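Note that the structure is predicted; figures quoted are calculated from it, not measured. Below, chain A is the first sequence line, B the second, and so on; all start at residue 1.
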Number of protein chains: 2
Amino acid sequence: MINDIRQLTSKPLGLFGGQKPLGVVGGMGSFATAKFLEVLARKSRAERDQDHIPFICLSAPNIADRSKAIAIGSDAPLRQILERTYWLEKTGCGAIAIPCNTAHLWANEIKGALSVKLIDMVEITRKAIESSCGSEARNLRSISLGTSASIRNGLYAWPYDGDFGNEYRRNSHHIQHTATKIIDAVKSGNMAYAHNALAALIQSIRSIGFDTIVLGCSELSAICGDLSNDADIIDPIDILADACIDWWATEGRSPPDISAARSQGEKR
Amino acid sequence: MINDIRQLTSKPLGLFGGQKPLGVVGGMGSFATAKFLEVLARKSRAERDQDHIPFICLSAPNIADRSKAIAIGSDAPLRQILERTYWLEKTGCGAIAIPCNTAHLWANEIKGALSVKLIDMVEITRKAIESSCGSEARNLRSISLGTSASIRNGLYAWPYDGDFGNEYRRNSHHIQHTATKIIDAVKSGNMAYAHNALAALIQSIRSIGFDTIVLGCSELSAICGDLSNDADIIDPIDILADACIDWWATEGRSPPDISAARSQGEKR
């Protein structure tokens with residue numbers, strides 16, 4: 001039996017019954033990766049183990065610090081992220097998810113380099129916010145919490161062109177400082193502090209008067225708990241999980257021959 | 001840059017800086033896998049993303065139902081589990097963890113077939129209980145909650161040869177029925193019910209008078225929350241995470257040349 005199986009597994013797709021698994025680039029950071037996989041399992045609403053979405057999660061966390069690299073104009077992390085996405089592509093994954101917002105500053109470069117789909121967390125989150133606002137989207141007073149790199153580079157910046165007022169100006173530095181502190185606390189495992197500090201930060205932001213608060217760093221998603229149930233909180237990890245489930249239902253789970261036949265008949 | 005990276009990733013170990021990642025067989029079930037990865041991240045006590053344990057998690061959940069297979073004397077799941085462990089071995093993983101207790105009914109077969117180490121969750125859990133009891137280990141009144149296959153096949157059965165009394169005999173069927181119901185509830189995502197039912201079950205077992213209660217199914221670990229903080233609750237997923245961290249610290253993180261030199265000087 002053993003030699004037989006060794007032969008079988010030289011074709012990794014055999015493990016997935018011919019279906020193409022989801023590829024997950026983990027380790028940015030490790031708590032956020034675990035949280036994403038938990039949300040993916042929960043939202044899949046599968047009744048049995050066998051009905052859950054197959055995935056390969058590659059967590060090689062020795063990727064250069066994204067925020068520091070961007071601050072000095074380096075794209076060292078991009079190279080490492082591409083190495084991981086290529087590896088997942090090569091092992092037969094049908095789409096790639098990266099549960100890290102900051103990494104999406106390079107989303108276009110990653111998409112351009114891959115032959116499979118990157119399920120772009122930032123793009124789908126922006127679309128989800130837009131479609132929930134309808135014609136009022138432009139006037140939305142939206143704030144994003146995230147790494148300094150994400151915020152400075154406007155990852156979730158909104159086209160609202162009004163003024164956020166004096167109270168925001170007085171507090172904007174403190175908000176970024178606190179968000180960075182919470183993200184670092186999650187990365188070092190100080191979850192109770194991080195959760196309480198995020199709850200307090202959200203309360204103080206609400207008093208300034210924003211319509212939506214985007215948890216624009218997956219470390220915040222990892223510890224938000226019930227906070228993300230409030231209507232004004234947008235959790236990109238939640239939206240990414242939904243999009244992965246949609247991908248799986250419409251493209252991933254179909255055996256390759258059916259996908260091929262369908263892709264000839266419609267533009268994907 | 002792209003061709004260059006494509007070439008690099010034909011050697012997957014390059015992604016891990018020459019270190020050998022942990023291989024995780026996921027999907028039995030998907031919530032338990034996510035919980036294990038969360039505990040692994042938490043217990044690693046890493047300060048930065050880059051210091052977390054590198055891993056490849058292969059979640060191809062289309063593995064035949066373990067309990068049903070064992071009930072009819074089939075080893076179909078073993079074949080599928082071996083396919084997954086071989087694949088992880090082939091991609092360069094230095095040790096394998098399987099966060100599923102029932103799968104450990106085949107631990108000896110899996111160990112015999114692998115050339116890398118299986119970090120045997122059941123073996124290390126039994127050792128952890130034994131070493132915490134000292135010379136009193138034999139008299140320990142220990143009960144395990146798990147799938148019917150695990151319980152019937154004595155996965156965590158203890159050598160205690162006394163009588164558990166009439167109250168246990170009257171309740172043993174109800175305990176197994178309730179444990180199975182909770183495990184199924186977790187697999188289908190009914191977490192709030194599962195957590196409350198587990199808390200109630202633990203309370204009723206305590207009233208019978210056991211020294212330890214082993215959460216002998218990773219679905220129970222996935223939803224136990226703070227229940228596992230009590231001194232009489234043994235959580236194998238917690239113990240598995242500790243053992244994986246020990247493995248990483250002593251064997252996994254050393255570059256291959258250092259490992260080789262060391263293994264000549266000491267019996268591993």
Student: Need one label for B/I56: side chain, backbone, both or neither, based on atoms under 4.5 Å from any heavy atom in chain A.
Tutor: both
Student: In terms of heavy-atom proximity below 4.5 Å to chain A, should B/A32 be classed as side chain, backbone, both, or neither?
Tutor: neither
Student: Heavy-atom pairs under 4.5 Å with chain A are the metric here; pick the option from B/L40, B/N190, B/L58, B/D184 that has the most.
Tutor: B/L58
Student: Can you name the closest pair of heavy atoms from B/H52 and A/P61 and give their distance?
Tutor: O-CG, 3.4 Å
Student: So, for B/F31 and A/E38, which heavy atoms are closest and what is the spacing to 0.1 Å?
Tutor: CE2-O, 4.0 Å
Student: Rounded to the nearest 0.5 Å, how far apart are CG of A/L37 and SG of B/C57?
Tutor: 6.5 Å
Student: Should we count CG of B/N229 as having more than 12 external heavy atoms under 6.0 Å?
Tutor: yes
Student: Testing the basics here: between B/A41 and A/S30, what is the closest heavy-atom pair and its distance to 0.1 Å?
Tutor: CB-CB, 3.9 Å
Student: Keeping A/R84 on the side-chain end and B/L15 on the backbone end, is there a donor-acceptor pair under 3.5 Å?
Tutor: yes
Student: Where on A/R42 is there a heavy atom nearer than 4.5 Å to chain B: the side chain, the backbone, both, or neither?
Tutor: both
Student: Report yes or no: does A/Q50 contribute a side-chain atom to a donor-acceptor pair with the main-chain N or O of B/I63 at less than 3.5 Å?
Tutor: yes
Student: Within the structure provided, determine whether B/R66 and A/D49 are in side-chain contact (heavy-atom separation under 4.5 Å).
Tutor: yes
Student: List the atom of A/N62, the atom of B/F16, and the distance in Å for their closest heavy-atom pair.
Tutor: ND2-C, 4.0 Å
Student: Can you say whether A/D65 sits under 4.5 Å from chain B via the side chain, the backbone, both, or neither, judging by heavy atoms?
Tutor: both
Student: Tell me, side chain or backbone of A/A222 under 4.5 Å from chain B's heavy atoms, or both, or neither?
Tutor: neither
Student: So which of A/P54, A/S59, A/A46 has the largest heavy-atom pair count under 4.5 angstrom toward chain B?
Tutor: A/S59
